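Below is one structure, written out as structure tokens; comments come after it.
Small disclaimer: the values here were computed from a predicted structure and weren't measured.
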Amino acid sequence: MKYNKISYSVILIFILVAITLLFNFSTFDKNINSDYKNEFKEKYNVYALELPKKLDFAEEEVPLHNFDVRESLDQELLINTYWQSQTLLFIKRANRFFPLIEPILKENNIPDDFKYLAIAESGLKNAVSPSGAKGYWQFLKGTGKEFGLIINDEVDERYNLEKSTIAACKYFNKAYKLYKNWTLVAASFNMGRKNINKQITRQKSNNYYDLVLGEETSRYVFRILAIKLILSDSNNYGFNFEKSDLYQNIPTYQIEIDTSISDLADFAHHFSINYKILKYFNPWLRENYLNNDKKIKYVIKIPEKGYRQFNFDFYELSADSTENTN
């Protein structure tokens, strides 16, 4: 009987201690949650973005006075501003590739704003879409061939930045003769001329901003405009970086080839580079050989000596120039 009383006392003490501990942990947890929530509110902020009062694409005015146009632009501007990792990569890559794209556009009388299409299409990388569109400009095989690109088992010039940009310019100029409007030219590049023409006839309107299109094309020009706004004034949208953070153009020299190459790895070693680097600068070479039965003249890029140290040397030079100006 005495033993039972002791047992009951021990159990009662254990229960009281457990209740006390649970109460203390609960209070502690509430304090942590309260502190966390307060700190979160103070330090984490997401802002609505101010839309520009005026905006154009290829010197064609964007009708921002229309509520649907403003809201479509607002959507793409928010997505591309707050998808920071992707947009920062756009900024970094643009520093390397825009200087190659811009003169080709200018030479072919294409408005400079079309360089942003390459970002909207591929993010300035040699992407492959589920539909089989490839390269920086995302050409389908048939369209690429139509505008002069060589596409076969060994060579695919959709992966050649300069040649695919020339092909894109041919498309833009041909489409402009049809539409007399650069905004529709851009939309047709995404949707295809046949599909755009069908909607123009069906809806009795040749104004992109008044057309009901598929989701991708209805967002397409607005995405280009958002990218243009951010890359033109990236600091205003919260992107902070040093010049040395950007991807630099790596100097190369050119080798003209009009014969076959039995082994591209051996070819690369002849120029003191490896196969991986050869393919990086010449991604249009799709096999590890080049038969070239038709004796076509191809231009192969070879990076200049010291290419692996190029970015490092650039950072050092940037640091030195900064020190000298202080």
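- Considering all non-hydrogen atoms of both residues, Gly123 and Arg93 come closest at O-NH1, 2.8 Å.
- Between Arg223 and Glu215 there is no salt bridge, since none of the side-chain N atoms of the basic residue sits less than 4.0 Å from a carboxylate O of the acidic one.
- The nearest pair of heavy atoms linking Leu88 to Phe239 is N-CE2, 4.0 Å.
- Within the 4.5 Å cutoff, the side chain of Asp233 has no heavy atoms near those of the Leu229 side chain.
- With a 4.5 Å cut-off on side-chain heavy atoms, Leu278 and Ile273 count as touching.
- Across all their heavy atoms, Asp112 and Lys115 have their closest contact at OD2-NZ, 2.8 Å.
- Residues Phe97 and Tyr136 bring their aromatic ring centres within 6.0 Å.
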Can you check side chain to side chain contact (heavy atoms under 4.5 Å, CB included) on Phe114 and Trp182, steps first, answer last?
CA-CA 9 Å; Phe114 274 80; Trp182 289 117; 3.6 Å; yes
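- The minimum heavy-atom distance linking Cys169 with Ile104 is given by the pair SG-O, 4.0 Å.
- Put simply, the side chain of Lys279 gets close to the backbone of Leu285: a donor and an acceptor are under 3.5 Å apart.
- Partner of Glu256 under the salt bridge (charged side-chain N to carboxylate O under 4.0 Å, His left out) criterion, chosen from Lys301, Lys297, Lys295: Lys297.
- How far CG of Asp266 is from CD1 of Ile261: 10.5 Å, rounded to the nearest 0.5 Å.
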| Worked verdict on Arg286 versus Asp153 for side chain to side chain contact (heavy atoms under 4.5 Å, CB included) | CA-CA 7 Å; Arg286 305 310 296 169; Asp153 292 338; over 6 Å; no
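- More than 12 heavy atoms of other residues, nucleotides or ligands lie within 6.0 Å of CD in Gln86, so this atom counts as buried by the packing criterion.
- A salt bridge between Lys228 and Asp56 is present, with a side-chain N of the basic residue lying under 4.0 Å from a carboxylate O of the acidic one.
- At least one donor-acceptor pair closer than 3.5 Å links the side chain of Arg158 to the backbone N or O of Phe139.
- Looking only at distances, a side-chain donor or acceptor of Asn181 sits under 3.5 Å from a matching main-chain atom of Thr183.
- A salt bridge is defined here as a Lys NZ or Arg NE, NH1 or NH2 lying under 4.0 Å from an Asp or Glu carboxylate O, and Lys163 with Glu157 meets this definition.
- Taking both residues in full, the closest heavy atoms of Ser205 and Leu211 are given as O-CD2, 3.4 Å, listed atom of the first, atom of the second, then distance.
- A side-chain contact (heavy atoms from CB on, under 4.5 Å) with Tyr208 is found for one member of Ile196, Leu213, Val185, Ile200 and no other, namely Leu213.
- Remark: side-chain polar atoms of Gln248 are not paired, donor with acceptor, to backbone N or O of Arg96 under 3.5 angstrom.
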